[in-house]
Structure formats: C-alpha cells, structure tokens
Amino acid sequence: MKYYFLLAALFLLPFLLKAQSNYKPGYYINTKNDTIKGFIDQRERFNNPKIFYFKTDQNQQPKEISLADANKVVITGYNYFEKFTTTISKGYITLNRLGNSIDSTYTTDTVFLRLISPGKNAALYAYTDNIKTRYYVLDNPARKLTELKYYL
C-alpha cells in the first residue's frame, strides 16, 4: 500500500511545481522613443518573437510588449531586437519543400529583427521563422535595409 502512495506522490509532484521564468535585465524603447527599464523574459526561441514579456519589478505581473508597443527591445548582454517593415522571402530551403524553379516570392511585414553584428557603416540582422533564417544588411547612413538572398 505504501508503494501506491509513493508512486502517486511521484506522479503528482511535477504538477505542484511552478515553471521557472527567465527574466533578465533589459529595456525597451517605445513608439514615443521613451526608454523603459525593467526585466524581459529571455526565452529560448527558434523563431523571432512577436511578443516579449516585460516587468518593471521582479514581483510584478508581466505585461506583453508587442510590435505596436516597441521600436527596440534589448535584453542586456543577450539580445537586441529592432522593429523594421521589410520584405520577407518565402522560398523554402528544405529538400522536401523545394520546387523545380527558384521561389522568389516575398511578403512585406513589420517584424523584430535580431541584431547579429553592429557597425558604424553597416549592421547585420537576422529573421527566423518556420521557413528559414534570413539575413539583412542595414546601411546605417542611409537606414536602408536589404535582405541577402538565399535560394536552393
């Protein structure tokens, strides 16, 4: 009988534990160019986020920061995201989804791009979704963003 109690306790124990959040110091710059400091949930993601969870204090309930709320989101020491309206290529690079010709179709969307390498004259950004990872070069003086084409 005691084995059934032990087995039931081991089975129910994970339901009693709370999931750990991963809030790191950071800030975001809102659409009025005001800097709001606090803590941003640094989640392990494969795709670029559309929403961030933000707290001004560790004991506070998180609030969602979306594309409509922020121009830049910075998780100090980890990631830097900037909002851009850009073209996003739609050509797949996985073998089972390839066609007989190059798929050069694209959509235009407003997204957060992750900064990979900043520079005085140019910066390199990345955008990942379920299709592929795309890289963009930003000409800093002209503020012109260009996607680097990648086809199979």
Salt bridge between Lys55 and Asp41, side-chain N to carboxylate O under 4.0 Å?
-> no

What are the two closest heavy atoms between Pro49 and Phe81, and how far apart are they?
-> CD-CE2, 3.7 Å

OH of Tyr23 to CG of Asp57, rounded to nearest 0.5 Å, is 12.0 Å

Does the Lys132 side chain pair with the main chain of Gly91, one donor and one acceptor, at a distance under 3.5 Å?
-> yes

Side chain to side chain, Val137 and Leu124, heavy atoms closer than 4.5 Å = yes

Does the side chain of Thr86 reach to within under 4.5 Å of the side chain of Glu147, using non-hydrogen atoms?
-> no

Check whether any side-chain heavy atom of Asn71 lies under 4.5 Å from a side-chain heavy atom of Thr31, and answer yes or no.
-> yes

Just wondering, more than 12 heavy atoms not from Gln61 lying within 6.0 Å of its CD?
-> no

Do the side chains of Asn140 and Lys120 get nearer than 4.5 Å, heavy atoms only?
-> no

Heavy-atom closest pair, residues Ile65 and Ala70 | CG2-CB, 3.6 Å

Arg114 (side chain) donor-acceptor with Asn48 (main chain) under 3.5 angstrom = no

Flag the pair Phe54 / Tyr28 as yes when their ring centroid distance falls below 6.0 Å, and as no otherwise.
-> yes

For the atom pair CG (Leu67) and NZ (Lys83), what is the distance rounded to the nearest 0.5 Å?
-> 6.5 Å

Which heavy atom of Ala126 sits nearest a heavy atom of Ile116, and at what distance?
-> CB-CD1, 3.3 Å

If you count the non-hydrogen atoms of other residues, nucleotides and ligands that lie under 6.0 Å from OH in Tyr80, is the total more than 12?
-> yes

Side-chain ion pair, Arg143 and Glu82, N-O less than 4.0 Å | yes

Is the count of non-hydrogen atoms from other residues, nucleotides or ligands lying under 6.0 Å from Lys149 atom NZ greater than 12?
-> yes

Gap between atom CD1 of Ile29 and atom CG of Asp69 - 0.5 Å precision | 14.0 Å

Can you find a heavy atom in the side chain of Lys24 that is under 4.5 Å from one in the side chain of Thr76?
-> no

Counting distance only, does the side-chain N/O of Asp109 pair as donor-acceptor with the main-chain N or O of Val111 below 3.5 Å?
-> no

Answer yes or no: is there a donor N or O on one side and an acceptor on the other, between the side chain of Lys144 and the main chain of Asp139, under 3.5 Å?
-> no

Could you check Phe84, Tyr125, Tyr127, Phe52 and say which one makes a ring pair (Phe, Tyr, Trp, His ring centres under 6.0 Å) with Phe112?
-> Phe52

Kindly give the heavy-atom pair with the smallest separation between Ile51 and Ser66, and that separation in Å.
-> CG1-CB, 4.3 Å

Specify the closest pair of heavy atoms between Ala123 and Pro118, including all atoms of both residues, with the distance to one decimal.
-> CB-CA, 4.2 Å

pair Arg134-Asp129: side-chain heavy atoms closer than 4.5 Å = yes

